[in-house]
Amino acid sequence: MLDIAYIRANTELVKTGMVNKGEKTTDVVDRVLEVDEKWRSLVHEIDTLRSTSNARSKEIGKLMGQGKKEEAQVIMSETATAKDTIKRLEEELGVLAQERTDLLYRIPNVPHESVPVGHTDADNVVHSTWGDPLPQEWRVPHWDLAKDHNWIDFERGVKVTGAGFPFYVGTGARLQRALINFFLNSAAERGYTELQAPYFVNEDSARGTGQIPDKEDMMYTIPRDGFFAIPTAEVPVTNFHRDEILELNELPVKYCGYTPCWRREAGSYGKDVRGLNRLHQFDKVELVKFVHPDTSYDELESLREDAELLLQALGLPYRTLLMCTGDMGFTQTKKYDLEVWSPGQQRWLEVSSCSNFESFQARRMMVRYRDEDGKPKILHTLNGSGLALPRIVSAILETYQEASGKVRIPEVLKPFLGNSDYL
RNA sequence: GGAGAGAUGGCAGAGCGGUCGAAUGCGGCGGUCUUGAAAACCGUUGAGCCGAAAGGUUCCGGGGGUUCGAAUCCCUCUCUCUCCGCCA
């Protein structure tokens with residue numbers, strides 16, 4: 001959520017940002033300012049009332065201590081009504097406070113000035129490309145190839161759990177494990193501390209990163225225990241420092257973590273869901289940074305680079321998109337998507353998205369750092385995939401397949417796969 | 001799953017219903033001393049909110065209650081620890 005003081009001081013900027021992100025109206029901004037105004041004046045009123053009644057209680061305490069019961073009685077009778085008034089006003093305040101935060105939660109983060117204004121994915125800007133997209137030629141989609149080699153078993157996944165929960169079999173499973181190791185090792189070399197995170201989180205954590213309210217439908221739930229299956233490691237890893245104050249000299253704090261991710265993906269059908277393109281359970285290595293506000297845009301560039309280097313090392317042609325305002329999402333100020341080329345399907349597949357949230361998540365989670373003046377300040381958070389596995393598996397199978405149907409192993413993965421040349 | 005104990009500041013750990021935002025110790029920061037460091041000594045050191053500031057206010061696991069007044073009493077929830085059982 002945004003800082004209400006920021007909204008007050010930059011109302012038009014916030015509204016413009018909303019419009020550019022594709023919100024139909026900006027009424028919520030006016031309403032939050034209105035409610036905030038009322039809230040603040042009521043806070044003031046209540047604080048004043050409490051101040052006098054606190055003073056009186058102390059007075060009573062003093063008199064009682066001196067044994068002056070009668071004098072104490074007089075003041076007691078005076079305070080009786082103030083108590084009721086305060087209680088009534090506090091109830092009012094509670095309603096206002098709730099409304100205020102509800103409204104604040106509905107205001108999206110403001111796009112950075114460097115982000116192109118646009119409405120759809122057509123307005124995204126190609127930031128860079130690496131390698132040449134391979135032509136189709138003999139290359140078949142990964143689902144056919146994987147089936148021929150018995151590397152992925154979609155049918156048994158359906159039997160055991162349901163659609164979108166495949167088995168990886170034999171070499172297929174090994175390839176997954178190799179990729180996870182390669183990604184984690186690379187992240188470690190780039191200064192990320194590895195975290196092995198819980199796969200379930202509680203409600204506070206889900207709220208911290210913004211899955212609740214609004215996006216709880218994307219998550220699988222464990223209602224009996226009040227848990228959510230994580231849709232991405234971003235949730236547990238970013239919440240790692242919830243309600244904490246980090247020291248200035250430890251910034252930037254960088255974590256990587258491998259986890260499975262579960263997403264209900266309600267309402268997704270059609271060709272997009274063939275094979276590994278869209279799953280309910282998939283594996284991902286996530287990169288998360290906690291940084292000083294002054295550096296977050298530099299950190300975004302280096303985060304993007306961290307992710308890009310993985311694709312380059314794997315030798316997979318890809319392109320990097322700078323997402324336009326309309327295609328960016330509620331919580332981000334700036335976002336890059338990395339799309340790998342799938343020669344078997346002749347299309348780009350998103351394998352990473354690297355985002356700056358500025359203080360949007362950190363404010364909600366109260367993650368702060370202690371500034372030079374000794375005061376706690378909200379820091380900035382960023383995250384990006386490094387990388388999502390299934391579409392990388394698709395791209396490897398399709399890119400490295402030979403006319404015979406055999407699949408070569410990318411150089412960097414060989415050490416993880418017995419130094420063989422072929423899968 | 002059963003039984004018991006507990007939840008207080010960065011950590012440890014006190015706290016009769018009234019000057020308790022909270023003793024004390026450790027840690028942190030500043031200083032004295034020292035060629036430098038250590039030790040010793042002195043001082044300082046929680047966070048949120050309102051406010052231009054002065055100041056005010058809230059917070060002792062969460063929520064509710066009793067009271068003029070709650071860290072302290074009552075109810076409730078959650079979590080942690082110990083023992084037993086079960087178990088990778």
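Chain identifiers are assigned alphabetically (A, B, ...) following the order of the sequence lines, protein sequences preceding nucleic acid strands; residue numbering begins at 1 within each chain. On a predicted model such as this, the values are computed, not experimentally measured, just so you know. As a basis for the values below, the full set of heavy atoms in this structure was taken, side chains included, without hydrogen atoms, waters or symmetry mates.
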Report the distance from atom [atom1] of [X] to atom [atom2] of [N], rounded to the nearest whole Å.
X       : N       : atom1 : atom2 : value
W39(A)  : rG48(B) : CH2   : P     : 14 Å
K58(A)  : rA70(B) : NZ    : C1'   : 14 Å
L89(A)  : rC50(B) : CG    : P     : 18 Å
N202(A) : rG61(B) : CG    : P     : 19 Å
E90(A)  : rG64(B) : CD    : P     : 10 Å
E203(A) : rC77(B) : CD    : P     : 18 Å
D204(A) : rC79(B) : CG    : C1'   : 12 Å
I378(A) : rA47(B) : CD1   : P     : 13 Å

Looking only at atom [atom1], what distance separates [N] and [M], rounded to whole Å?
N       : M       : atom1 : answer
rG27(B) : rG61(B) : C1'   : 24 Å
rG69(B) : rC33(B) : C1'   : 49 Å
rG62(B) : rA70(B) : P     : 16 Å
rG17(B) : rC73(B) : P     : 7 Å
rG13(B) : rC26(B) : P     : 15 Å
rG46(B) : rA71(B) : C1'   : 16 Å
rC74(B) : rG18(B) : P     : 16 Å
rG4(B)  : rC11(B) : C1'   : 27 Å

Can a donor-acceptor pair be found between the side chains of [X] and [Y] at a distance below 3.5 Å?
X       : Y       : answer
R242(A) : N239(A) : yes
D283(A) : Q176(A) : yes
Q361(A) : T238(A) : no

According to the interplanar angle, ranging from 0 to 90°, do the rings of [X] and [Y] count as parallel (below 30°), tilted (30 to 60°) or perpendicular (above 60°)?
X       : Y       : result
F200(A) : F227(A) : parallel
F360(A) : F330(A) : perpendicular
Y369(A) : H292(A) : tilted

Produce the list of close N/O pairs, under 3.5 Å, pairing protein atoms with atoms of nucleotides 86-88 of chain B; give distances to one decimal.
none

Pair [X] + [Y]: basic N to acidic O under 4.0 Å:
X       : Y       : value
R88(A)  : E91(A)  : no
K284(A) : E286(A) : yes
R31(A)  : E34(A)  : no
E23(A)  : R106(A) : no

ring-ring contact (aromatic ring centres under 6.0 Å, His included) against H119(A), all qualifying residues, sequence neighbours excluded: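 Partners of H119(A) under the ring-ring contact (aromatic ring centres under 6.0 Å, His included) test: none.
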Q. How would you list all residue pairs meeting salt bridge (Lys or Arg N to Asp or Glu O under 4.0 Å) that involve residues 184-203 of chain A, not counting sequence neighbours?
A.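 Output for this query lists R190(A)-E305(A), R190(A)-D306(A), E203(A)-R207(A).
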Paired with [N] by Watson-Crick or G-U wobble geometry, both distances under 3.5 Å: which nucleotide is it?
N       : result
rG43(B) : rC29(B)
rC79(B) : rG6(B)
rG17(B) : none
rU72(B) : none
rC87(B) : none
rU67(B) : none
rG36(B) : none

Comparing D47(A) with V43(A), nearest RNA chain B nucleotide closer to 5' gives the residue V43(A)
By nearest-nucleotide position on RNA chain B, the 5'-leaning member of R56(A) and I245(A) is I245(A)
Next on the checklist: Between R50(A) and rU58(B), is there a contact of a side-chain N or O with OP1 or OP2 at under 4.0 Å?
Outcome noted: yes
Below the 4.0 Å mark, does rU57(B) have OP1 or OP2 next to a side-chain nitrogen or oxygen of S51(A)?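 Yes, because at least one side-chain N or O of S51(A) sits under 4.0 Å from OP1 or OP2 of rU57(B).
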Listed by chain and number, what are the salt bridge (Lys or Arg N to Asp or Glu O under 4.0 Å) partners of R370(A), not counting sequence neighbours?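 Per chain and number, R370(A) pairs via salt bridge (Lys or Arg N to Asp or Glu O under 4.0 Å) with no residue.
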Name the closest nucleotide to the [X] side chain, picking from [options].
X       : options                   : result
I60(A)  : rC68(B), rU57(B), rA47(B) : rC68(B)
N54(A)  : rA47(B), rU57(B), rC68(B) : rU57(B)
K87(A)  : rG56(B), rC50(B), rG65(B) : rG65(B)
R100(A) : rG56(B), rC50(B), rG18(B) : rC50(B)

I'd like a list of close polar pairs between nucleotides 51-54 of chain B and the protein, N/O only, cut-off under 3.5 Å.
{"from": "rG51(B)", "atom 1": "OP1", "to": "R40(A)", "atom 2": "NH1", "distance (Å)": "2.4"}

For this session: Taking only heavy atoms on the protein side, list every residue of residues 365-375 of chain A lying under 4.0 Å from any atom of RNA chain B, sorted numerically.
Result: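 Output list: M366(A), R368(A), R370(A).
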- Item | Criterion salt bridge (charged side-chain N to carboxylate O under 4.0 Å, His left out) on R40(A) and D36(A), from CA distance to verdict | CA-CA 6 Å; R40(A) 281 187 298 151; D36(A) 178 59; 3.2 Å; yes
